[in-house]
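Small disclaimer: the values here were computed from a predicted structure and weren't measured.
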Amino acid sequence: MNANNNRTWYFVDLGVAPYPDAWDLQRQLVEARSQSQVPRDVILFLEHPPVFTLGKRGGRENLLIPEERLQQSGIAIVQVERGGNITYHGPGQLVVYPIVHLPSFGLGVVDMVDRLEEVMIRTCAAWGVPSKRNALNRGAWVGMKKIGSIGIAVRRGVSFHGLALNVNLDLKPFCWIQPCGLEGVGVTSIEAEAGSAVDIADVKRVMKAHIEAVFQTGLEALDRQDLLLFPDPSPDEEAQRGRGNATLAGCRESVQG
């Protein structure tokens, strides 16, 4: 792949996107980015409708209620290739997927995880929430309560999946799992810790600024429709999708893996 010296990323706000649709878009972008069909790295902001996802470490054993109950409530369980264990996503949680060619940007997997943690910590601080890292598990923590998680995969040098930061979501579904497969830990949100209403649009704005600062990059807004103008991978490239090893790190919260 030709190195891209342009440190400006495309920024795409998908709004609320079903998990399978966003997952498929990520995989298409990874393929296209690895073939230089998308000329810059891309970062996706979105929320998901309620869904549980399972990482490479599995996680069904950390589901504390019968799967039939989830089916009755219309919440799906999806197996994905990110690192970590079982996670929950829902409206009010800001999910960020960086589709970044790490070698061109001069980053390793650990570097990416470190910087994503820093972005979450700085974002929480804007609402007076003192989050920090915890050696127990990657992500952002307030005491022994997790407020943001990370789980990434890397394919052909391109990262996907990413972070999830709890803003103002309903925390009840986290009671149905052992988050990240960990016993004795809790889950919280910016709104719960701040003790006042928090608008996710404001969190997006603040997080964008911190991404630009932490990664020393600019973010250029792009409509999802404009992404579709880039060439699609060839049939041969499509056939290769999913082959090869993915490098995995961390735990996404509900990303809470």
Item to check | Steps toward side-chain hydrogen bond (donor to acceptor under 3.5 Å, both in side chains) verdict (Glu220, Thr8) | outcome: CA-CA 7 Å; Glu220 179 182 328; Thr8 298; 5.9 Å; no
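- In terms of modelled atom types and a separation under 3.5 Å, the side chain of Glu47 and the main chain of Gly90 share no donor-acceptor contact.
- Residue Leu94 comes nearest to Met207 through the heavy atom pair CD2-SD, 3.7 Å, listed as atom of the first residue, atom of the second, then distance.
- Of all heavy-atom pairs between Phe105 and Phe215, the closest is CZ-O, 3.4 Å.
- Scanning all heavy atoms of the two residues, the minimum distance from Cys124 to Ile190 falls at SG-CG1, 4.1 Å.
- Checking side-chain atoms of Arg33 against main-chain N and O of Val38 turns up a donor-acceptor pair under 3.5 Å.
- When all heavy atoms of Leu46 and Ala22 are compared, the pair lying nearest together is CD1-CB, 3.7 Å.
- The ring-ring contact (aromatic ring centres under 6.0 Å, His included) contacts involving residues 129-156 comprise nothing, where partners must be two or more places apart or lie in separate chains.
- Contact record, Lys146 with Arg138: NZ-O, 2.8 Å, taken as the closest heavy-atom pair.
- Minimum interatomic distance between Asp223 and Val12 (heavy atoms only, all atoms of both residues): C-CG1, 4.4 Å.
- Geometric assessment of Lys208 against the ring of Phe45 yields a negative cation-pi assignment under the 6.0 Å and 45° thresholds.
- Between Trp176 and Phe52, the ring-plane angle classifies as tilted under the 30° and 60° cut-offs.
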Next on the checklist: Under the criterion side-chain contact (heavy atoms from CB on, under 4.5 Å), I'd like the reasoning laid out for Lys145 against Val185: C-alpha separation, chi angles, the key distance, then a yes or no.
Outcome noted: CA-CA 6 Å; Lys145 296 179 290 185; Val185 303; over 6 Å; no
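- Between His48 and Tyr19, the ring planes are tilted. Angles from 30° to 60° get that label.
- For Phe160 and Trp23, the ring centers sit 6.0 Å or farther from each other.
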